[in-house]
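Computed from a prediction, not measured in an experiment: that's the story for all the values here.
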Amino acid sequence: MGYQWDWSVIPQNAGFFVAGIEMTLVLAVLTMLLSSIGGLLLAFARLSPWAPLRLVVVFYVETFRTTPFLIQLFWIFYGMPYVFGVSWPPFAAGLATLSLNLTAFNSEIFRAGIQSVAAGQKQAALALGMNRVQVMTRVVLPQAVRRIIPPLGSQWVSMFQATSLVSFIAVPDLMYQSLILRSDTYRSLEILSATALLYLILGYPQAKIVDYLYRRMRVNEL
């Protein structure tokens, strides 16, 4: 006998999905905001002439880029209370881990964008009497932005999918709400199918925007 679908469970529990979507979007927006600020600061630190500072940044970036996100999440949520006596609420732990992880990737994007601006332009600006801050804000960053925004958009799409992993520590995002609803209703296929469709509806426009940015902000080097 085939599976008897019952889609009525979806509209009957629409509030669960809406609450989960709201939490997912809040996490995604806050994570991108914090990781963009942190990534820019780390990029400047990585470009610093002070070697010890560069080594610290390299250690941070490589640690978060080369270890699984779930381990980082579990260590911050479960490990820090034992090691440092610091307890994190689930939302704070999820946001902190997402932000720390994405900061590592964003910092490399910022660094590559800044370094992609020809050195001759910096030297010419210095020769015209600009100080290093003016060179960075008036010459380098305006050109680097065109190179930075498209890959930042790609990171946003990847991070949006990764937000579902915070459900492992009971952050009430879309995935967590779906898992709770699945346990309450025993309608796993309907709940998980609807959840997948919601992620598609939310994620597809983001992917298309990133594609547009890559085409619109393409840089043709002379």
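Side chains of Asn106 and Ser35: a donor-acceptor N/O pair is present below 3.5 angstrom, by distance only.
Hydrophobic clustering (side-chain heavy atoms under 4.5 Å, transitive across Ile, Leu, Val, Met, Phe, Trp, Tyr) keeps Ile109 apart from Leu33. Residues Leu30 and Leu165 are members of one and the same hydrophobic cluster, defined by side-chain heavy-atom contacts under 4.5 angstrom among Ile, Leu, Val, Met, Phe, Trp and Tyr. Criterion: ILVMFWY side-chain heavy atoms under 4.5 Å apart, direct or through other members. Under it, Leu98 and Ile71 are not part of a common hydrophobic cluster. Tracing side-chain contacts under 4.5 Å through hydrophobic residues (I, L, V, M, F, W, Y), one reaches Tyr78 starting from Val171; they form part of the same cluster. Taking hydrophobic clusters as Ile, Leu, Val, Met, Phe, Trp and Tyr residues chained together by side-chain heavy-atom distances below 4.5 Å, Val166 shares a cluster with Leu70.
Residue Gly94 comes nearest to Leu27 through the heavy atom pair C-CD2, 4.5 Å, listed as atom of the first residue, atom of the second, then distance. Closest approach of Phe160 and Tyr199 over heavy atoms only: CE2-CD2, 4.0 Å. Arg54 and Ala45 get closest at one heavy-atom pair: CG-O, 3.8 Å. Residues Ala194 and Ile10 approach most closely at CB-CD1, 3.6 Å, considering heavy atoms. For the residue pair Leu179 and Ser167, the shortest heavy atom distance occurs at CD1-OG, 4.4 Å. The heavy-atom pair separating Gly113 from Ala144 by the smallest distance is O-CB, 3.4 Å.
Looking at Phe110 and Arg46, their side chains never come closer than 4.5 Å, going by heavy atoms from C-beta outward. Counting heavy atoms from C-beta on, the side chains of Leu181 and Phe17 come closer than 4.5 Å. Between Gln177 and Met23, every side-chain heavy-atom pair lies at or beyond the 4.5 Å cut-off. Within the 4.5 Å cutoff, the side chain of Trp75 has no heavy atoms near those of the Thr97 side chain. Using a 4.5 Å cut-off on side-chain heavy atoms (C-beta onward), Lys208 and Asp211 make contact. Annotation: side chain of Tyr214 is in contact with side chain of Pro151 (closest heavy-atom distance under 4.5 Å). Contact check for Glu190 versus Tyr3: side-chain heavy atoms found under the 4.5 Å cut-off. No side-chain heavy atom of Arg138 sits less than 4.5 Å from a side-chain heavy atom of Val133.
Atoms CG and CZ, on Asp184 and Phe16 in that order, are 6.0 Å from each other to the nearest 0.5 Å. Arg187 contributes atom CZ, which lies 12.0 Å from atom CG of Leu192 (distance to the nearest 0.5 angstrom). Taking CG of Leu25 as the reference point, atom CG of Asp173 lies at 10.5 Å (rounded to 0.5 Å). Put simply, OG1 on Thr24 and CG on Leu174 are 5.0 Å apart, with the number rounded to the nearest 0.5 Å. Expressed to the nearest 0.5 Å, how far CD1 of Ile76 lies from CG of Leu100 amounts to 5.0 Å. The line from CZ of Phe105 to CG of Leu152 is 13.0 Å long, rounded to the nearest 0.5 Å.
Using modelled atom types, no side-chain atom of Thr31 and backbone atom of Ala28 make a donor-acceptor pair closer than 3.5 Å. The closest donor-acceptor contact from the side chain of Glu22 to the backbone of Ala19 lies at 3.5 Å or more, if one exists at all. Although no hydrogens or angles enter the test, the distance criterion places no donor-acceptor pair under 3.5 Å between the side chain of Ser158 and the main chain of Gln155. For Gln72 (side chain) and Phe64 (main-chain N/O), a donor-acceptor pair under 3.5 Å exists by modelled atom type. Distance alone, capped at 3.5 Å, places no donor-acceptor pair between the Ser48 side chain and the Phe44 backbone. Remark: the backbone N or O of Ala96 is not paired with any side-chain donor or acceptor of Ser99 at under 3.5 angstrom. A donor-acceptor contact shorter than 3.5 Å is absent between the side chain of Gln121 and the backbone of Val139.
At most 12 non-hydrogen atoms from other residues, nucleotides or ligands lie less than 6.0 angstrom from OH of Tyr176. By the neighbour-count criterion of 12 heavy atoms within 6.0 Å, atom CZ of Phe168 is sparsely surrounded, having that number or fewer from other residues, nucleotides or ligands. Atom OH of Tyr212 has 12 or fewer heavy atoms from other residues, nucleotides or ligands within 6.0 Å. Taking a 6.0 Å sphere around CZ of Arg132, one finds it holds 12 or fewer heavy atoms contributed by other residues, nucleotides or ligands.
In the hydrophobic clustering, where aliphatic and aromatic side chains (Ile, Leu, Val, Met, Phe, Trp, Tyr) are joined below 4.5 Å either directly or transitively, Leu197 groups with Leu200, Ile201, Tyr204.
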For this session: Would you check, one step at a time, whether the test side chain to side chain contact (heavy atoms under 4.5 Å, CB included) holds for Leu47 with Gln115?
Result: CA-CA 9 Å; Leu47 296 172; Gln115 289 183 319; 3.3 Å; yes

For this session: Take Leu102 and Met32 through the side chain to side chain contact (heavy atoms under 4.5 Å, CB included) test and state the conclusion after the steps.
Result: CA-CA 8 Å; Leu102 194 60; Met32 200 60 194; 3.6 Å; yes

Exercise. Between Ile169 and Trp88, is a side chain to side chain contact (heavy atoms under 4.5 Å, CB included) present by the stated rule, with each step listed?
Worked result: CA-CA 11 Å; Ile169 60 170; Trp88 298 76; over 6 Å; no

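Using a 30° and 60° split on the angle between ring planes, Trp7 and Trp5 fall in the parallel class, below 30°.
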